[in-house]
Amino acid sequence: MRLSQFLAKTLRDDPAEAETANHRLMLRTGMIQQIAAGVYSYAPLALRSLAKVETIVREEMNAAGGQEVKLPALQPRELWVQTGRDAAFGPDLLRLKDRRERDLVIAPTHEEAVTLLVKQHLQSYRDLPQLVYQIQTKFRDEPRPRGGLVRVREFDMKDAYSFDADAESLDETYQRMVQAYRNIFRRCGIPAVMIEADSGAIGGKDSHEFIMPTEIGEDTFIQCPDCGYAANAERAAFQRPPAPAGEPLPVEEVHTPGLTTIAELVNFLSVTPEQTLKAVFYVADGEMVFVSVRGDLEVNEVKLKRLLGANDLHYATDEEVEAAGLVAGSASAVGLTGVKSVADESVHVGANFVVGANRRDWHLLNANTPRDFVPDLVGDIALAEAGHRCLQCGGEFIAERGVEVGHVFKLGTFFSEALNATFLSPEGSLQPAIMGCYGIGIGRLLAATIEHNRDERGMRLPPNVSPFQVYLAALNAEDAAVAEAADGVYRALTDAGFETLYDDRAESAGVKFNDADLFGFPVRVVVSPRNLRQGVAEVKRRDADSAHLVSLEDTAATVKGLLAELVALLAE
RNA sequence: CGGGCAGUGGCGCAGCUUGGUAGCGCGCUUCGUUCGGGACGAAGAGGUCCCGGGUUCAAAUCCCGGCUCCCCGACCA
């Protein structure tokens with residue numbers, strides 16, 4: 001492809017809306033154009049890279065035994081009502097009506113559709129296992145898209161679904177997919193950490209996310225440096241830090257005028273945060289929930305949501321709190337009636353807590369469970385943070401940010417039961433298939449790849465993700481001898497099968513070098529009057545400081561060698 | 001959904017306080033000179049100043065209403 005004819009114009013200034021490096025680079029190279037919040041057009045340069053990423057994903061899915069299918073984006077809403085996900089997805093689900101006023105959705109994911117498809121071909125345990133996948137456009141009406149392609153409303157996703165006859169078989173499929181994912185991320189040149197993840201409201205035992213560590217990431221994950229335990233912060237289990245224990249002392253009321261926060265209480269009463277209980281109010285599916293957690297910990301809403309089995313969970317508004325007769329700032333589970341009460345297990349670690357008196361400006365000393373209050377539910381609902389201790393080995397957690405580039409998930413039988421995807425077992429009984437699902441956002445993976453593979457000059461793309469493999473620059477392209485030689489090199493590279501972007505523009509050397517670095521293709525070839533006098537071309541790896549001078553005839557062979565080096569680096 | 005910022009040629013921005021000719025840098029076109037890390041000169045092209053309403057002789061600028069985008073948070077099977 002000749003750059004002079006290619007639909008790509010680079011920008012010299014960074015577009016104002018781009019905050020992250022990958023977004024900035026994609027805009028400056030003209031790869032993408034935003035058309036609405038979280039909706040993008042993809043120019044040829046981007047599409048080429050996306051296609052490469054898709055190829056990697058396809059190859060690995062096929063190698064893992066996947067069969068490619070294509071499921072519809074447009075689906076009857078009734079199907080989603082049937083599985084309860086019309087409600088579960090809430091406003092993120094894009095809904096519309098057709099000309100006959102029938103309710104439709106544009107699918108954000110495809111468990112329903114795939115279950116129906118596989119069900120049609122499923123009768124016996126002999127038909128299992130099955131692994132199908134597709135690469136297809138999803139629509140999610142995200143409340144806040146951000147960060148270029150990292151979080152968008154319309155995006156291409158590889159989603160795979162497995163159907164197995166029993167748990168052991170699912171385990172095997174799951175492990176095969178985990179390995180496929182590791183291969184994919186390695187080939188894209190990014191490090192990905194596999195962490196335990198929240199499995200969400202819909203059933204399922206195991207769930208793992210693949211996270212690429214980066215400060216621009218949206219997710220926080222916890223790692224134990226000692227035993228290797230790694231989990232999303234919204235999921236991580238941890239030891240509750242110790243707190244002073246002792247025999248229960250008599251409850252005392254204490255006047256605490258104007259004090260509402262843990263910090264104020266701790267200061268006023270000369271106690272430590274872990275000697276207090278914090279009260280937080282939520283509304284879960286319309287029901288007021290009173291939540292207690294020790295003062296040194298934070299409530300983790302994801303854990304809470306799961307413990308409650310709630311679809312919708314939000315902080316109670318002031319009106320809702322008042323309507324329930326609760327006293328913000330001085331509330332506690334002691335003497336609480338008529339409101340569901342939930343507590344973190346940390347209420348069992350320590351004793352003689354300071355709690356609210358459910359009366360403005362008063363608190364209680366020496367509250368203990370079960371003597372003074374008995375929560376309706378006790379569980380792990382506290383947020384794991386850096387410095388907490390590992391439940392498995394006692395190691396001290398570190399916390400890191402990252403982008404979720406993949407998610408694997410044991411679904412169980414939620415969908416197969418709801419939609420009757422059953423098979424006859426060897427014993428002759430009808431069983432629901434056990435499902436798993438596995439997702440990778442293609443555009444997000446490209447964004448992560450760019451975020452990780454770059455320097456201050458631009459991208460440094462791995463050869464199998466880069467839109468082109470070679471950037472061929474003709475300096476002083478209007479010089480007939482240069483043009484002729486460069487044309488020859490271009491033909492040789494093309495004939496040798498290398499995708500080459502040929503910079504034949506009448507631009508200065510500086511412009512071409514800068515654009516070459518910005519585009520970040522793995523290999524750059526320069527034909528110039530200076531080189532030509534010695535009968536050579538210059539061949540340079542994007543990530544190298546120095547170039548090779550080789551005869552024009554040897555250029556393609558040298559390029560081949562450098563690309564092979566780069567591919568070999570990825571295999572390590 | 002709460003809080004904050006902003007919308008002016010393709011990109012980055014100024015002008016708005018104090019109403020009166022729409023401006024700068026980059027990019028683009030033509031000509032000439034240059035030619036290995038974002039060259040120089042000259043001459044040009046390109047704008048419903050987000051939209052609607054109002055005030056006024058006159059609105060990018062003031063007032064009212066709306067839309068959109070970005071950032072923080074909430075949210076994100």
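Fair warning: this is a prediction, and the values are worked out from it, not measured in the lab. Within every chain, numbering begins at 1; the chains are lettered A, B, ... in the order of the sequence lines, protein sequences first and strands thereafter.
- Map A:Arg153 and A:Arg28 each onto its nearest nucleotide of RNA chain B; the residue landing nearer the 5' end is A:Arg28.
- Per the geometry, CG belonging to A:Leu518 stands 18 Å off P belonging to B:G37, to the nearest Å.
- A:Asp141 has its CG atom 14 Å from the P atom of B:A77, to the nearest Å.
- Here B:C69 presents its P atom at 16 Å from CD of A:Glu19, a figure rounded to the nearest Å.
- Rounded to whole angstrom, the span from the CG atom of A:Leu93 across to the P atom of B:A77 amounts to 13 Å.
- Spacing between B:C62 and B:G15 at atom C1', rounded to whole Å, works out to 16 Å.
- Taking atom C1' on both nucleotides, B:G66 is separated from B:G7 by 14 Å, rounded to a whole Å.
- A:Gln82 meets the side-chain contact (heavy atoms from CB on, under 4.5 Å) test with A:Leu79, A:Leu419; sequence neighbours excluded.
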Below 3.5 Å is the cut-off: list the nitrogen or oxygen pairs between protein and nucleotides 28-36 of chain B, distance only.
{"unit_1": "B:C35", "atom_1": "O2'", "unit_2": "A:Asn476", "atom_2": "OD1", "d": "3.3"}
{"unit_1": "B:C35", "atom_1": "O2'", "unit_2": "A:Asn476", "atom_2": "ND2", "d": "3.2"}
{"unit_1": "B:C35", "atom_1": "O2", "unit_2": "A:Asn476", "atom_2": "ND2", "d": "3.3"}
{"unit_1": "B:C35", "atom_1": "N3", "unit_2": "A:Asn476", "atom_2": "ND2", "d": "3.4"}
{"unit_1": "B:C35", "atom_1": "N3", "unit_2": "A:Glu478", "atom_2": "OE2", "d": "3.4"}
{"unit_1": "B:G36", "atom_1": "O2'", "unit_2": "A:Arg530", "atom_2": "NH1", "d": "3.3"}
{"unit_1": "B:G36", "atom_1": "N7", "unit_2": "A:Ser528", "atom_2": "OG", "d": "3.4"}
{"unit_1": "B:G36", "atom_1": "O6", "unit_2": "A:Ser528", "atom_2": "OG", "d": "2.1"}
{"unit_1": "B:G36", "atom_1": "O6", "unit_2": "A:Asn531", "atom_2": "OD1", "d": "2.8"}
{"unit_1": "B:G36", "atom_1": "O6", "unit_2": "A:Asn531", "atom_2": "ND2", "d": "2.7"}
{"unit_1": "B:G36", "atom_1": "N1", "unit_2": "A:Glu538", "atom_2": "OE1", "d": "2.8"}
{"unit_1": "B:G36", "atom_1": "N2", "unit_2": "A:Glu538", "atom_2": "OE1", "d": "2.7"}
{"unit_1": "B:G36", "atom_1": "N2", "unit_2": "A:Glu538", "atom_2": "OE2", "d": "2.9"}

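- Taking the C1' atoms as reference points, B:C70 lies 25 Å from B:C64, given to the whole Å.
- Within 4.0 Å (heavy atoms only), A:Phe89 reaches at least one base atom of the nucleic acid.
- In this structure, A:Arg12 reaches the B:G27 phosphate: one of its side-chain N or O atoms is under 4.0 Å from OP1 or OP2.
- Judged by closest nucleotide on RNA chain B, A:Lys512 is the one of A:Lys512 and A:Leu313 placed further toward the 5' end.
- With a cut-off of 3.5 Å on both Watson-Crick or G-U wobble distances, the partner of B:G47 is given as none.
- Legend: residues meeting ring-ring contact (aromatic ring centres under 6.0 Å, His included) with A:Tyr133, ordered by chain and number and at least two apart, are absent.
- Closest to the A:Phe409 side chain, of the nucleotides B:G38, B:A77, B:G37, is B:A77.
- When the P atom is compared between B:A59 and B:G12, the two are found 29 Å apart, to the nearest whole Å.
- A salt bridge (charged side-chain N to carboxylate O under 4.0 Å, His left out) check over residues 473-488 of chain A, counting only residues at least two apart or in different chains, returns the pairs A:Arg2-A:Asp487.
- The nearest whole Å value for the distance from the NZ atom in A:Lys540 to the C1' atom in B:G37 is 11 Å.
- Across all strands shown, B:G2 forms a Watson-Crick or G-U wobble pair with B:C72, both key distances being under 3.5 Å.
- With P as the reference atom, B:U17 and B:G10 are 26 Å apart, rounded to whole Å.
- The pairing partner recorded for B:A14 is none, the criterion being a Watson-Crick or G-U wobble arrangement whose two distances lie under 3.5 angstrom.
- In this view, A:Tyr282 and A:Tyr315 satisfy the ring-ring contact (aromatic ring centres under 6.0 Å, His included) rule, not counting sequence neighbours.
- Taking 4.0 angstrom as the limit, A:Arg144 places a side-chain polar atom (N or O) nearer than this to OP1 or OP2 of B:C71.
- Remark: B:C62 base-pairs with B:G54. Criterion, Watson-Crick or G-U wobble with two distances under 3.5 Å.
- Comparing the same atom, P, in B:G27 and in B:G38 gives a spacing of 12 Å after rounding to whole Å.
- A search for side-chain contact (heavy atoms from CB on, under 4.5 Å) contacts involving A:Asp159 returns A:His110, A:Gln134, A:Lys138, A:Met157, A:Tyr161, not counting sequence neighbours.
- Every residue two or more places apart in sequence or in another chain that forms a side-chain contact (heavy atoms from CB on, under 4.5 Å) with A:Gln469 is listed here: A:Phe498, A:Glu499, A:Leu563.
- Counting only distance, with no hydrogens or angles, the side chain of A:Tyr181 and the backbone of A:Tyr438 share a donor-acceptor pair below 3.5 Å.
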Between the protein and nucleotides 8-12 of chain B, list every N/O to N/O distance that falls short of 3.5 Å.
{"unit_1": "B:G12", "atom_1": "OP1", "unit_2": "A:Ala16", "atom_2": "N", "d": "2.9"}

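- For B:G32, the paired base is B:C40 (Watson-Crick or G-U wobble, both distances below 3.5 Å).
- Contact between the side-chain N/O atoms of A:Gln34 and the OP1/OP2 oxygens of B:U68 is not found at any separation under 4.0 Å.
- Atom C1' of B:U29 sits at a distance of 43 Å from the matching atom of B:G65, rounded to the whole Å.
- Spacing of C1' atoms, B:U18 relative to B:G25, comes out at 27 Å, to the nearest Å.
- Base pairing analysis places B:G19 opposite nothing; no Watson-Crick or G-U wobble pair with both distances below 3.5 Å involves it.
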Ignoring hydrogens and angles, write down the donor-acceptor pairs under 3.5 Å from the side chains of residues 27-37 of chain A, residues two or more places apart or on other chains.
{"unit_1": "A:Arg28", "atom_1": "NE", "unit_2": "A:Leu11", "atom_2": "O", "d": "2.8"}
{"unit_1": "A:Arg28", "atom_1": "NH2", "unit_2": "A:Leu11", "atom_2": "O", "d": "3.2"}
{"unit_1": "A:Thr29", "atom_1": "OG1", "unit_2": "A:Leu25", "atom_2": "O", "d": "2.8"}
{"unit_1": "A:Thr29", "atom_1": "OG1", "unit_2": "A:Met26", "atom_2": "O", "d": "3.2"}
{"unit_1": "A:Gln34", "atom_1": "NE2", "unit_2": "A:Ala36", "atom_2": "O", "d": "3.2"}

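- Of the listed residues (A:Lys303, A:Arg235, A:Arg306), just one forms a side-chain hydrogen bond (donor to acceptor under 3.5 Å, both in side chains) with A:Asp380, and that residue is A:Lys303.
- If you measure from atom CG of A:Leu79 to atom C1' of B:A77, you get 15 Å, rounded to the nearest angstrom.
- Neither OP1 nor OP2 of B:C76 sits under 4.0 Å from any side-chain N or O of A:Lys138.
- Counting only distance, with no hydrogens or angles, the side chain of A:Arg454 and the backbone of A:Glu451 share a donor-acceptor pair below 3.5 Å.
- Between the side chain of A:Asn300 and the backbone N or O of A:Ala233 there is at least one donor-acceptor pair closer than 3.5 Å.
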